[in-house]
Number of protein chains: 2
Amino acid sequence: MSWLRGVRAEVVHESVRRTGGVPEATVGRLPLYLRALTPLHDQGITNIASEELAALAGVRSTQLRKDLSHLGSYGVRGVGYDVDLLAAQIAQELGLTQEWPVVIVGMGNLGRALASYGGFSGRGFRIVALADDDPAVVGTRVEGLTVSTLADLATAGPTVAIGVITTPAPAAQAVADQLVAMGVRSILNFAPGHLTVPDEVDVRGVDLATELQILAFHEQRRLLAVPTSGQVPSEDREVAG
Amino acid sequence: MSWLRGVRAEVVHESVRRTGGVPEATVGRLPLYLRALTPLHDQGITNIASEELAALAGVRSTQLRKDLSHLGSYGVRGVGYDVDLLAAQIAQELGLTQEWPVVIVGMGNLGRALASYGGFSGRGFRIVALADDDPAVVGTRVEGLTVSTLADLATAGPTVAIGVITTPAPAAQAVADQLVAMGVRSILNFAPGHLTVPDEVDVRGVDLATELQILAFHEQRRLLAVPTSGQVPSEDREVAG
DNA sequence: ATGACTTTGTGAAGGCTTGCACAAAGTCGA
DNA sequence: TCGACTTTGTGCAAGCCTTCACAAAGTCAT
């Protein structure tokens with residue numbers, strides 16, 4: 001993401017004096033656009049039309065243009081968008097011109113998987129600490145970092161902006177409370193269940209079961225709609241009758 | 001989730017002859033309600049008011065009631081909802097009265113973590129196959145299952161309803177194509193990037209970087225809004241000036 | 001320079017979602 | 001039985017989001 005730094009200066013002026021009101025739905029899609037732009041940059045493509053970029057991101061071109069209009073983006077009519085400039089503008093809007101320090105709490109399988117996942121660095125985030133409360137795990141090294149307890153981190157750890165919770169569900173709320181007490185105001189929670197936090201804290205939850213259940217809903221709908229059926233799973237088919 | 005089976009029969013009649021139109025936003029919240037109900041059942045609580053359940057799920061009570069009204073749910077005025085009956089109704093709506101067979105493709109750290117994650121079984125899903133294309137991994141056993149290639153699964157594997165993609169990004173589209181060719185119409189994609197699939201196929205994407213970037217946006221907003229700042233990370237603070 | 005063509009940016013319409021206000025329907029104590 | 005109280009279910013209004021339609025603004029060949 002270092003390639004975004006060069007053009008940042010030009011972007012700041014437009015973007016900083018904006019009204020401040022980017023719709024939440026748009027914010028949710030900006031990362032998709034950024035994700036689509038990166039390989040374009042790598043391929044040396046310097047310009048792209050909204051129609052094409054929208055296809056890469058999986059949205060409609062009119063939505064892409066409306067979204068970009070919210071951040072005062074300037075494409076060129078008849079031509080399209082400058083890939084690098086647009087990426088820099090989006091990165092600026094998302095606050096990715098600085099690197100956010102992240103702590104992962106819970107060194108189970110998922111926590112380790114995330115710790116070794118390359119998707120952090122180079123995308124605006126850096127893992128600066130790992131935590132767990134299992135004495136057998138504390139003190140071990142994972143991906144070049146020594147695992148500590150959250151309590152230790154609170155008293156003598158690096159500053160952290162974002163906390164990622166990968167503990168079992170029963171521990172999640174206590175961990176969230178500790179993170180909040182440490183001053184963390186952004187939490188990404190992989191443990192199933194709702195976290196109660198103060199208003200100023202932002203929590204996003206990612207729950208595998210929830211995602212699968214939404215898929216299952218639509219899957220079932222398809223099966224109920226077309227009683228021609230065919231294959232498909234196990235027991236309990238009387239539901240369709 | 002076996003405790004849901006008992007009451008299912010009573011539910012079927014109401015639910016099956018419904019109009020069919022449950023709003024997408026509601027579908028996205030039904031899993032949250034189910035998730036909140038399970039511990040209540042375990043604690044032996046048999047009845048709950050919408051206000052309380054909403055708090056557990058992290059939504060407003062009026063939204064909960066509106067959502068439930070879409071699936072023709074019958075609470076009792078002045079009393080609340082029967083925990084087990086409500087859970088059974090939601091499970092029914094989501095298609096969780098049967099167990100959906102799942103394949104995980106990509107036996108890297110994340111794939112292994114998901115394979116060993118307990119959140120599948122007992123929630124309406126069962127991992128029936130694991131796949132990878134690395135010859136060093138194919139043939140090994142993970143969590144009691146032997147890893148095979150997708151090609152082998154296509155010709156001689158168990159029927160699969162849902163595919164979970166945990167491969168690196170460059171492989172994801174090819175894997176999706178193969179899954180679709182196998183008849184899979186529901187895909188959960190953990191690889192960053194947009195998947196192109198036929199209309200009848202349902203894809204949900206979970207991207208760590210995307211989630212973190214949305215958090216970063218709000219985090220930055222807080223910092224820009226309150227220039228009192230204080231702590232917080234590294235370089236590039238001139239953005240705020 | 002001109003005209004045909006391409007592509008962006010946006011006002012307005014339509015649809016979906018949320019939240020309010022309140023009637024309906026039940027419980028419970030006296 | 002009655003009256004006070006609780007809690008659900010829902011019509012309606014407000015707000016947000018998406019999509020359409022099209023003017024604005026540029027390129028490019030001639």
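A note on names: the letters A, B, ... follow the listed sequences, proteins ahead of strands, and every chain is numbered from 1.
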- Message: Between P on C:dT10 and CG on A:Leu71, what's the gap in Å once rounded to a whole number?
- Response: 12 Å
- Side chain B:Gln220, main chain A:Glu93, donor-acceptor under 3.5 Å: yes
- Message: Using OP1 and OP2 only, check whether a side-chain N or O of B:Tyr74 sits under 4.0 Å from D:dT7.
- Response: no
- Note on the structure: Sorted by position of nearest nucleotide on DNA chain D, 5' first, the leading residue of B:Gly80 and A:Gln63 is B:Gly80
- Among D:dT8, D:dT27, C:dT18, which is the nearest nucleotide to the side chain of A:Val79? D:dT27
- Can you check the A:Leu53 CG to C:dT7 P distance for me, whole Å? 14 Å
- Item | Presence of donor-acceptor pair under 3.5 Å, side chain of B:Lys66 and base of C:dG19 | yes
- Between D:dT7 (P) and B:Glu52 (CD): distance, integer Å: 9 Å
- Given D:dT8, C:dG11, D:dC17, which nucleotide is nearest the side-chain atoms of A:Ala25? D:dC17
- Query: C:dG9 C1' sits how many Å from A:His70 NE2, rounded?
  - Reply: 11 Å
- Item | Check: B:Asn47 side chain, B:Val79 main-chain N or O, donor-acceptor pair, under 3.5 Å | yes
- Answer yes or no: is there an ion pair linking A:Arg185 with A:Glu200, defined by an N-O contact shorter than 4.0 Å? no
- base_contact_polar (D:dT7 base, B:Arg77 side chain, donor-acceptor, <3.5 Å): no
- Query: Under 4.0 angstrom, heavy atoms only, what part of the nucleic acid is B:Ser50 near: base, sugar-phosphate, or nothing?
  - Reply: sugar-phosphate
- Item | Per A:Arg65 side chain, nearest of listed nucleotides D:dA21, C:dG19, D:dT18 | D:dA21
- Task: Begin from the C-alpha positions of B:Glu51 and B:Arg65 and carry the test salt bridge (Lys or Arg N to Asp or Glu O under 4.0 Å) through to its verdict.
- Result: CA-CA 9 Å; B:Glu51 195 72 48; B:Arg65 291 200 300 276; 5.1 Å; no
- Message: Please report the distance, rounded to the nearest Å, between CG in A:Leu85 and C1' in C:dT8.
- Response: 15 Å
- Task: Applying side chain to side chain donor-acceptor pair (under 3.5 Å), name anything that partners A:Asp67, two or more places apart in sequence or on another chain.
- Result: A:Thr26, A:Arg29, A:Tyr33
- Message: Mind checking if A:Ser69 touches a base, just sugar-phosphate, or nothing, with heavy atoms under 4.0 Å?
- Response: sugar-phosphate
